[in-house]
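All figures in this text were calculated on a predicted structure; none of them were measured in a lab.
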Amino acid sequence: MVQTIQAENITLRELITLYGLQLVEDEQFFREWQDNLPELTNQEKQLLDQIKAGYINLRNYPPLLENTVNIAVLSPLLFVGQFYLPPFHIKLEKSVQIATEDGGSVIKGRIDVLLLNEQFWVSVIESKQVAYSVEAGLDQILAYMLATPHPEKPVFGMITSGGSFMFIKLVKGEPPQYGTSDIFDIRNRGNELYNVLSILKRLGQMALT
């Protein structure tokens with residue numbers, strides 16, 4: 001009997017057991033987040049500076065509403081990158097509820113998975129407190145990426161908590177393999193949203209080829 005596991009309920013351990021999924025740590029496997037990145041315009045950089053300033057301002061006035069950070073950061077980031085325009089489209093998959101015990105209290109959040117096109121996914125971690133790293137969204141986004149209708153091509157993804165970002169590449173072979181980028185944080189010096197947008201644009205174009 002074929003076992004069906006819903007993507008919103010999957011764990012990384014199950015993906016490894018069921019599909020033989022392997023993490024590739026060789027940096028040559030996932031060069032796309034480092035090589036041939038597009039240059040940003042001055043206007044794009046100015047808009048990204050405003051997004052970062054808005055995020056810092058929000059963090060100065062806790063507590064945040066559950067999805068305020070992502071509305072303030074991810075939505076304008078996708079807008080600046082033109083991911084709301086054809087040939088991209090936004091499709092929301094099922095949400096995953098997550099909870100963490102912290103000093104006797106339960107911190108609740110959720111993970112949303114967005115489809116930008118058939119080869120590019122975005123996982124969004126939303127929480128009332130900054131309690132989850134981008135790693136919390138890795139299981140679900142890999143499950144969706146494994147279901148790509150074009151297994152002959154690499155699949156790309158991004159996980160964000162609003163303040164941190166990580167990119168993923170998946171190649172469906174025997175066995176399927178994936179690699180991850182560095183983690184970019186909006187709190188770091190300079191503005192790492194520049195890196196994030198450049199990588200988003202690069203991976204977005206590769207997902208269309």
Side-chain angles (χ1 to χ4, degrees), residues 7 24 27-52 55 67 69-93 111-126 134 137-138 140-173 176-186 188 190-209:
V24 179
E27 65 176 31
Q28 298 304 314
F29 175 79
F30 187 13
R31 295 295 310 176
E32 292 89 346
W33 71 271
Q34 299 180 70
D35 298 338
N36 303 314
L37 300 181
E39 291 287 336
L40 301 183
T41 66
N42 289 333
Q43 183 180 29
E44 288 172 332
K45 291 179 180 180
Q46 290 172 3
L47 291 171
L48 294 176
D49 288 341
Q50 291 182 36
I51 295 173
K52 176 174 181 174
Y55 172 84
N67 60 354
V69 172
N70 290 302
I71 290 174
V73 177
L74 180 60
S75 292
L77 183 64
L78 294 176
F79 176 80
V80 174
Q82 300 185 356
F83 285 96
Y84 294 120
L85 301 177
F88 297 101
H89 61 279
I90 301 294
K91 177 184 176 184
L92 178 64
E93 299 292 342
I111 301 173
D112 291 333
V113 180
L114 310 176
L115 173 65
L116 299 185
N117 71 18
E118 292 181 337
Q119 301 295 115
F120 199 5
W121 298 83
V122 173
S123 183
V124 185
I125 304 167
E126 299 181 353
V134 289
L138 187 59
Q140 280 72 37
I141 197 170
L142 283 171
Y144 281 107
M145 292 167 71
L146 279 166
T148 173
H150 302 290
E152 73 282 359
K153 299 192 296 183
V155 190
F156 299 100
M158 183 184 79
I159 307 174
T160 179
S161 62
S164 298
F165 301 80
M166 182 173 72
F167 295 90
I168 308 101
K169 175 183 179 179
L170 173 74
V171 175
K172 284 197 72 174
Q177 297 179 315
Y178 76 99
T180 60
S181 72
D182 290 346
I183 295 176
F184 299 91
D185 197 286
I186 201 169
N188 289 342
N191 190 346
E192 294 197 346
L193 289 176
Y194 295 0
N195 307 79
V196 172
L197 182 58
S198 290
I199 297 168
L200 267 175
K201 285 187 165 187
R202 167 78 167 140
L203 300 186
Q205 289 306 309
M206 293 202 65
L208 296 175
T209 59

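Within a 6.0 Å sphere centred on CD of Glu39, other residues, nucleotides and ligands contribute 12 heavy atoms or fewer. Applying the 6.0 Å contact sphere to CD of Glu152 captures more than 12 heavy atoms from other residues, nucleotides or ligands. Summarising the local packing, CZ of Phe79 is surrounded by 12 or fewer heavy atoms from other residues, nucleotides or ligands at distances under 6.0 Å.
A ring-centre distance under 6.0 Å is found for Trp121 and Tyr144.
Residues Phe167 and Val196 have side chains in contact (heavy-atom distance under 4.5 Å, counting atoms from C-beta outward). Looking only at side-chain heavy atoms (C-beta outward), Leu48 and Leu40 come within less than 4.5 Å of each other. Under the 4.5 Å side-chain criterion, counting only non-hydrogen atoms from C-beta, Leu208 is in contact with Phe88. Inter-residue side-chain proximity for Leu77 and Phe165 is flagged as met; some heavy-atom pair is nearer than 4.5 Å. Side chains of Glu44 and Lys201 form a contact here, defined as non-hydrogen atoms less than 4.5 Å apart. A 4.5 Å side-chain heavy-atom check between Ser181 and Ile199 finds every atom pair outside the cut-off. In this structure, the side chains of Pro38 and Arg202 come closer than 4.5 Å at one or more pairs of heavy atoms. Counting heavy atoms from C-beta outward, Phe30 and Phe156 have side chains that approach closer than 4.5 Å.
Scanning all heavy atoms of the two residues, the minimum distance from Arg31 to Gln28 falls at CG-O, 3.5 Å. The shortest non-hydrogen separation linking Gly157 to Ile141 is CA-CD1, 4.0 Å. Between Met206 and Glu32, the closest heavy-atom pair is SD-CG, 3.2 Å. Smallest separation of non-hydrogen atoms from Lys169 and Pro154: CE-CB, 4.0 Å. Here the shortest heavy-atom pairing between Gly81 and Leu197 reads CA-CD1, 3.7 Å. Across all non-hydrogen atoms, the minimal contact from Leu74 to Met158 is CD1-CE, 3.8 Å.
Partners of Asn191 by side-chain hydrogen bond (donor to acceptor under 3.5 Å, both in side chains), not counting sequence neighbours, listed by chain and number: Asp49.
To the nearest 0.5 angstrom, Ile186 atom CD1 is 7.5 Å from Ile51 atom CD1.
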For the pair Phe184 and Thr160, evaluate side chain to side chain contact (heavy atoms under 4.5 Å, CB included) and give the outcome as yes or no after the intermediate values.
CA-CA 9 Å; Phe184 299 91; Thr160 179; over 6 Å; no

